[in-house]
Structures are given as C-alpha cells and as structure tokens.
There are 2 protein chains.
Amino acid sequence: MKYSSSKENYIKAIFHLQQDEDVVSTNALAKALSTRPASVTDMLKKLKSQKLLQYQPYKGVKLTAEGNVIALQIIRKHRLWEYFLVEKLGFGWEEVHEIAEELEHISSKKLIDRLDIFLGNPKTDPHGDPIPDSQGRMPLIRQICLLELPENIQADVISVSNQSTAMLELLRHNHIAIGTRLEVRRRFAFDHSLEIRMPSQPFFTISEQLAANIYVAFEADSK
Amino acid sequence: MKYSSSKENYIKAIFHLQQDEDVVSTNALAKALSTRPASVTDMLKKLKSQKLLQYQPYKGVKLTAEGNVIALQIIRKHRLWEYFLVEKLGFGWEEVHEIAEELEHISSKKLIDRLDIFLGNPKTDPHGDPIPDSQGRMPLIRQICLLELPENIQADVISVSNQSTAMLELLRHNHIAIGTRLEVRRRFAFDHSLEIRMPSQPFFTISEQLAANIYVAFEADSK
DNA sequence: ATATGTATTTAGGTAAATCTAAAAAATTAA
DNA sequence: TTAATTTTTTAGATTTACCTAAATACATAT
Ligand SMILES: [Mn+2]
Ligand SMILES: [Mn+2]
Ligand SMILES: [Mn+2]
Ligand SMILES: [Mn+2]
C-alpha cells in the first residue's frame, strides 16, 4: 500500500517519539510535526482506520506491527538518501536532512534497494544513525558524537571532525586516537565537561568543545 | 517560488504539447494528464493568476517566459534523474520514466546541480532527449550514425537499429548500451573499423557493421 | 442561416490536510 | 475533593485538486 507524504511523516514521527516513551501524546506529535493538536487528532483517526496504529481518545498512540514496518521503510529511505548526498554528491552532513525529508517519500522499492547496493550497503547514515536493511532490521552499531554517548557504555573513537593541529595536540595529550576505546563516566552540569574512563589509565576530563568533535561507535543494547 | 507536483506536471505537459502546436487545447491537456477537461480549466485559471501562462477562455493556452523557465527546470530534473537511474543504478531505459516522474518534483536546486556534476554533465537522457543545463538552455543535439561521428567528439549512444541477440551480445561485450558516453579516436582505412574511447576503459575497436547500427547524439557547436 | 456536434466552461460536490475557536476530559494543585 | 490548568477532542472553515452533470461557446455541414 502507498501512503501520502503527510501520513508517512506522521508514522515516522511516532516511531521516533516512541523510542523515548512507549506511548506518544497528541501534543508531542503536534510539536514534532509543527502542526496543531487538532490536526493531529484528525490524522490519528485516519491512521487508526488503516490499522497503522493503536489509538484511543485521550490515551495516546502507539504504532502497530504494520505501522512499525512502514516507519522503518521510511527511515531506511531517509538515511540512505542522506548517505548518498554526503558520500556521492559532496554535501555537508548538516545540510542533507531537509532534502532527505523530501526524498524519503519517493515510492519505488526497487529504487531504494538498488541505491543501497550502489552505496555499498552502508550501515549508518552521515549522522551515525543506523540504516535499516531491506527487511527493516536495524544494525546494532551506533555511531554518534561523544557528547551523546550514554554514560558507562564502552565505545570506539571512529573519527574527529576538526583536524586543526591545536585539536590534534590535545587529543594526543589525552591519548585519544582513532580506534581508542573509552567510556563517559559522568558529565558535569557546570561546564558540560565529561569525565572519561579508558582501560588501565586514570580518569580524566575533557571539555564540551573537544567532545563535540569526537565521534564514536558503540554496540546499542537491543532492548 | 515553489509549485505543487500537480502544477509542475501541468507546466511540463503544456511545454511538451507546445512543441507540436504553439497553442495548447484544454482537451489535449486533459488527455496528456489523464484528467478531465473541467479540472484542466480550473487549474489553468490558477496558473494564469500566477502568470505562468497566457490563457483566454476557449482560446487555448501558452506558457509565459516564466512558465517556460519552470518547465525547463522540471525537464532538467526528470532527465538527469533518468540518467542517474540507468547509468548509476543499472535500471533499464524503459523502467525509469515512472520513477523520474516522482523525482522531478524534489525541490532542491543545489541537489540537481550537484547531481549534474556527479553524472559528468550528460547532454542527453537515456532516451536520447537533451538535458537542459542549469540556466535552462537545451543543448543543440545532433543525432547521427556512429559511422558519421567526427573523431574525438564525445557522444552518447541513443539507439541501436538492430535488436538481434547476436548484436546485443556484442554490444554488451563491449559495454555499450543506451546512454553510454563514447568517442571515436580514429578510423582504420583497411576495414573501416573504429577505435573507440570510453571513460575509464582501455581503447577498443569495433567493426563497421556494428557502428552502422549504433546511433549517437552529440552537442553541436552552438554560435 | 440554421442545425448539429464538439470543445470548453460553469456549477456544484468530494476528499485530504490543514486551521481556529470552543467544549470536554484528564491531570495537577490547593 | 474541589478548583485550576493543561491536554485533547469536536465543530466548523479553508485550500487544493480533483470529479460529474449541465450550460454555453465555437466550428461545421446542410
Ligand atoms: Mn536526517
Ligand atoms: Mn518527510
Ligand atoms: Mn511528475
Ligand atoms: Mn526520458
């Protein structure tokens, strides 16, 4: 079945909001979609009648198995297109989201599966988010900025976005390099600095600025 | 300004119909767009108020200069995407039109200009139709038999006149297909065979018989 | 010039996706 | 537990892009 861009955007937004709380509110959805709660209620009724979600008035909303499948297909398209834009067309990772927001609604399944092959079956998009495979399975590895790494989870440094000698000097001083395994012990509210733990080394802290330029991969818990 | 997919489809259809007759009828448009004459009349009024076309009831319709610019932008996108689908994703030339019908409505100008560069600024789509450049200029395309292609001029294969499996086998062996870019390096007087150059491939020669069945398009020197 | 046929427009509706304003339900605070 | 606040739904419009049926304009043939 084929759904309108608008419906697809709703499904996707619900999917993402469900990662945090397992039941999604009308207001949260309205905010995520930059629309009005009344419009959301209207749409939820339509999506419910198509069995894409469970919805009882005032009780919030949850995707059905079918809805989940659709969401993953859209996310797959979004992230593959983002990868294409960055890796093949040379866009910066920060400018691709908006364009992918449109491209994700192109319907051909054959197109997206061939694009996947053409790109070499990438596992993550330019932001480090995992790309579902053609069966809708999310790979386990997550690549994110060190700033967003959950505390007490081991991760490997995979890239640094700033290559200035000043930054590289600081990295070397802290014995951080591509491939280094580390974890964030805690964050300090005052200056958002991070305490880092590395195997067989004393803990040390790094600044928010430094962490913002470090990207890591870690094994996501398959909750 | 940005227009709906529906409006873009109207503009494009009018542009194409104008190639035959310089004023386009309501019925012709209805047929081209698989819609009803009454719907066409409605839309023509909207497009007129946006100054994209000249329209007087019962008198037919004609694009304004502004409308023409829009049409050429859409056609550019359509044909570049078709080229991408065939050359990069390995689609057959007969299956790409429908997908391009959707992709042509993706709005980012930067995307299409980068796609153009990524594809090597092709001059014709997989069907041999010319691709407007980013200023909306249609290249002047000369279509001739490969036998007559001047030496050292890049050309795109647009059709093959003999569809026998024997011939197609030989074409495939030489990596020649519709849309392939090539040029003739030299001709040998003895058997009139041609030495062919293709991007990132060693030179090779083909027989006069084979060349006689290949038709190519190349950019004629303008001005 | 009148009649006939075709092309086109008008009139009146529908469905999708939005909106605002108001009502109702649920939650939180006193 | 009642009142206040927030969340959500309902009611009623709007816009876009369609539709059918009917009216009108144009073209042509007698
Ligand atoms: Mn994105
Ligand atoms: Mn989107
Ligand atoms: Mn189209
Ligand atoms: Mn084409």
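Here is how names work: the chains are called A, B, and so on, in the same order as the sequence lines, proteins then strands, and each is numbered from 1.
- Nearest-nucleotide mapping onto DNA chain C: of A:Asp42 and A:Pro57, the residue sitting toward the 5' end is A:Asp42.
- In this structure, B:Lys2 places its NZ atom where only 12 or fewer heavy-atom neighbours from other residues, nucleotides or ligands lie under 6.0 Å away.
- Residue B:Lys59 has no polar side-chain atom (N or O) positioned under 4.0 Å from OP1 or OP2 of D:dA25.
- The distance between atom NZ of A:Lys45 and atom C1' of C:dA17, rounded to the nearest whole Å, is 14 Å.
- Which of D:dT10, C:dT10, C:dT18 sits closest to the side chain of A:Thr35 comes down to C:dT18.
- Checking the phosphate oxygens (OP1, OP2) of D:dT9, a side-chain nitrogen or oxygen of A:Thr26 falls inside 4.0 Å.
- The phosphate of C:dA16 (OP1 or OP2) has no side-chain N or O of A:Lys46 nearer than 4.0 angstrom.
- Using cut-offs of 30° and 60° for the angle between ring planes, the B:His78 and B:His97 rings count as tilted.
- Comment: A:Glu183 engages A:Arg197 in a salt bridge, judged by a side-chain N to carboxylate O separation of less than 4.0 angstrom.
- In the set D:dT9, D:dT8, D:dC19, the nucleotide with an atom closest to the side chain of A:Thr41 is D:dT9.
- One can place CG of A:Leu33 at 16 Å from C1' of D:dT8, the figure rounded to the nearest angstrom.
- Regarding B:Met43, its CE atom lies at a distance of 12 Å from the C1' atom of D:dT15, rounded to whole Å.
- Here D:dT10 presents its C1' atom at 14 Å from CG of A:Leu44, a figure rounded to the nearest Å.
- Under 4.0 angstrom from either OP1 or OP2 of D:dT16 there lies no side-chain N or O belonging to B:Tyr10.
- Atom OH in B:Tyr55 sits about 16 Å away from atom P in C:dA7, given to the nearest Å.
- Relative orientation of the B:Phe84 and A:Trp81 rings is tilted, given thresholds of 30° and 60° on the angle between their planes.
- With 3.5 Å as the limit, one finds no donor-acceptor pair spanning the side chains of B:Asn27 and B:Ser25.
- In terms of phosphate contacts, A:Ser4 brings no side-chain nitrogen or oxygen within less than 4.0 Å of OP1 or OP2 of C:dA16.
- Of the residues near DNA chain C, A:Ser39 and A:Tyr58, the one whose nearest nucleotide (by heavy atom distance) lies more toward the 5' end is A:Ser39.
- When the P atom of D:dC18 is taken as reference, atom NZ of B:Lys7 falls 11 Å away, rounded to whole Å.
- Between A:Arg36 and the phosphate of C:dT20, there is a side-chain N or O to OP1/OP2 separation shorter than 4.0 Å.
- Note on A:Ser6: every side-chain N or O is 4.0 Å or more away from OP1 and OP2 of C:dA16.
- When the side-chain nitrogen and oxygen atoms of B:Asn27 are compared with OP1 and OP2 of C:dT6, none of them lie within a distance under 4.0 Å.
- One atom, CD of A:Glu8, and another, P of C:dA16, lie 16 Å apart when rounded to the nearest Å.
- Here D:dT7 presents its C1' atom at 17 Å from CD of A:Gln56, a figure rounded to the nearest Å.
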